[in-house]
Amino acid sequence: MELLIMLSIMLVTGFVGGCVNYLLPSNRKQDGTLELNFIRSAVLGIGATLLVPIFLNTVDSQLMDDIKLCNEKTQEKGINIGNEKKKQQISIPIKKADSDSPNVIITNVLPLKKDSLPKRDSVKSQKNTISKSADTVQPSKDSDHNAGKKYLLWGAYCTLAAIAGFKFIELIIKNVLRAEEVRILRHENLEKDKELDKTKEEKEKQEKELEKRKKLSTANLVESEAVMKNDIENNFNTEEIYKHSTEKTGDDFTKIFFMPVLPGITNLDDPQKGRFGGKSEVNNRKLSATVTESRLSGFFNVSLKVSSTDASNPITSETYFYLHDTFLNPVRKVLPSNGEAVLEDLLSYGAFTVGVITDFGKTILELDLSEGNFPKKFKES
């Protein structure tokens, strides 16, 4: 019902506002001609009033909700008052005092209160009580008054919109477009915030993984180096090295392997990088590698070799290869054979840096497999 009333108000005020707009001085040009004729003014007025709900929604007005609420309260009170009247009505038969005349039934409306019920033979007191009860059942007019005020306010909004005409329509269009832009910007900012949160979470996760990997890498290398040192100190195979030495040079073996002090790990992705001087050829010793594609897709076969560039000075000591920490036993010991130390059958999915200690600890070598003449896929992995 309230929707029909509001629509009627919009149409009437739209037409009236259009007439006012037509009569305004601003509708006349300097030469006296009209900018808008009567029909156009009326149509613009009605069109402007139809946009009033959008305007009220834009400014967060509760006028339309208030009108609906007032009508609902009025309807509820009307129903309650009707029910109250029904409850308060009662029919009481009253007999005349003359016993010779026939019984006459008089029906009257009485309240249900005990103290207000009339006596059987008191018609006068009954009438007085009825008049009092009628005075007590009066419907409240507050809801009707509030609804009237809301409808007047609604009509005033519609009239102003109709008088403004095209200016009001243009204002609504700008506000709607601006609100849409704000909504889009909020959505974009929300998406950016989500991306930032996701990036932050990924960064924290990567940091935790790097920290975990660093601990595992360090623990793996420390354990391997400790095993290697223990092997050097307690299980140094002088007989086998002496055999290789005397076969090539004829000299007696009297040397002891001294382990050099290596710097700590600074590159978690390539832990041996920078720990062995960065040179692949030192003291007539050369570290080289051969890389070929494996039968396993995505993997490569890597062979490492430490050789002498001086034929008169072959490799005669144990050689230790330091590999990437992802290898099982990243520190490998290799005994010399034919004046060389060769480590074969390494299966790798990408390039890494190799460190070497040889010549009883006097020579350290380093080779970065990502910088050599190796397959492109291997170097980029």
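Start at 1 with the first residue, then count along the sequence.
- Side-chain contact between Leu343 and Val354: absent, with no pair of heavy atoms (C-beta onward) separated by less than 4.5 Å.
- With sequence neighbours excluded, no residue forms a side-chain hydrogen bond (donor to acceptor under 3.5 Å, both in side chains) with Arg40.
- No more than 12 heavy atoms of other residues, nucleotides or ligands sit less than 6.0 Å from atom CG of Asn373.
- Between the NZ atom in Lys194 and the CD atom in Glu201 there is a gap of 12.5 Å [rounded to 0.5 Å].
- Taking CG of Asn283 as the start and CG of Asp359 as the end, the distance is 6.5 Å to the nearest 0.5 Å.
- Taking a 6.0 Å sphere around CZ of Phe15, one finds it holds 12 or fewer heavy atoms contributed by other residues, nucleotides or ligands.
- In the hydrophobic clustering of ILVMFWY residues, with side-chain heavy atoms under 4.5 Å counting as a link, Phe55 and Ile9 come out together.
- A pairwise comparison of heavy atoms in Pro271 and Asp325 identifies CG-OD1, 3.4 Å as the closest pair.
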Report, one line per pair, each donor and acceptor closer than 3.5 Å where one atom sits in a side chain of residues 161-170; sequence neighbours left out.
none

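- To the nearest 0.5 Å, the span separating CD on Glu366 from CG on Leu287 amounts to 9.5 Å.
- With a 6.0 Å radius and a threshold of 12 heavy atoms from other residues, nucleotides or ligands, Leu190 has its CG atom above the threshold.
- The shortest non-hydrogen separation linking Leu323 to Arg332 is CD1-CG, 3.9 Å.
- Evaluation of the salt bridge (charged side-chain N to carboxylate O under 4.0 Å, His left out) rule for Lys273 yields Asp368, Glu371 as partners, not counting sequence neighbours.
- When all heavy atoms are compared, the tightest approach of Gln272 to Gly355 is CB-N, 4.5 Å.
- Side-chain N/O atoms of Arg285 and Ser308 include a donor and acceptor closer than 3.5 Å.
- In this structure, Pro336 and Ile315 approach most closely via the heavy-atom pair CB-O, 3.4 Å.
- Note on Tyr151: it clusters hydrophobically with Leu50, by side-chain heavy-atom contacts below 4.5 Å among ILVMFWY residues.
- Surrounding CZ of Phe300 are more than 12 heavy atoms belonging to other residues, nucleotides or ligands, all under 6.0 Å away.
- Put simply, the side chain of Ile357 reaches to within 4.5 Å of the side chain of Pro260, judged on heavy atoms.
- What you find for Phe327 and Pro330 is that their closest heavy atoms are O-CD, 3.6 Å.
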(message) Set out, in order, the CA-CA distance, both residues' side-chain angles and the distance that settles side-chain contact (heavy atoms from CB on, under 4.5 Å) for Tyr322 and Leu262, then state yes or no.
(response) CA-CA 11 Å; Tyr322 286 68; Leu262 298 174; 3.8 Å; yes
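- In this structure, Gly274 and Pro263 approach most closely via the heavy-atom pair O-CG, 4.2 Å.
- For Asn267, the side-chain hydrogen bond (donor to acceptor under 3.5 Å, both in side chains) criterion is met by no residue, not counting sequence neighbours.
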(request) Could you check Trp154 against Ile5 for side-chain contact (heavy atoms from CB on, under 4.5 Å), going step by step and ending with a plain yes or no? (result) CA-CA 11 Å; Trp154 173 257; Ile5 296 175; over 6 Å; no
(message) I'd like to know whether Phe276 forms a side-chain contact (heavy atoms from CB on, under 4.5 Å) with Thr353, so could you lay out the CA-CA distance, the side-chain angles of the two residues, the decisive distance to 0.1 Å, and finally the verdict.
(response) CA-CA 10 Å; Phe276 296 84; Thr353 298; over 6 Å; no
(message) side-chain contact (heavy atoms from CB on, under 4.5 Å) for Leu365 and Thr363? Distances and angles first, verdict last.
(response) CA-CA 7 Å; Leu365 304 170; Thr363 301; 4.0 Å; yes
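- Cluster annotation: Val20 and Phe38 are assigned to distinct hydrophobic clusters (Ile/Leu/Val/Met/Phe/Trp/Tyr, side-chain heavy-atom contacts under 4.5 Å, transitive).
- Scored by the side-chain hydrogen bond (donor to acceptor under 3.5 Å, both in side chains) test, Asn301 finds no partners at all (sequence neighbours excluded).
- Note: Asn284 CG to Ser312 OG = 8.0 Å, rounded to the nearest 0.5 Å.
- Leu304 is not connected to Val342 by any chain of hydrophobic side-chain contacts under 4.5 Å among Ile, Leu, Val, Met, Phe, Trp and Tyr, and they are in different clusters.
- Under the 4.5 Å side-chain heavy-atom criterion for Ile, Leu, Val, Met, Phe, Trp and Tyr, Val16 and Leu152 are members of distinct hydrophobic clusters.
- When atom types are taken as modelled, the side chain of Ser317 and the backbone of Phe360 share a donor-acceptor pair closer than 3.5 angstrom.
- In Lys286, the NZ atom is not crowded: 12 or fewer heavy atoms of neighbouring residues, nucleotides or ligands sit closer than 6.0 Å.
- The shortest distance between side-chain heavy atoms of Phe378 and Val302 falls below 4.5 Å.
- Between the side chain of Lys379 and the backbone N or O of Ala351 there is no donor-acceptor pair closer than 3.5 Å.
- In this structure Thr159 satisfies the side-chain hydrogen bond (donor to acceptor under 3.5 Å, both in side chains) test with no other residue, sequence neighbours excluded.
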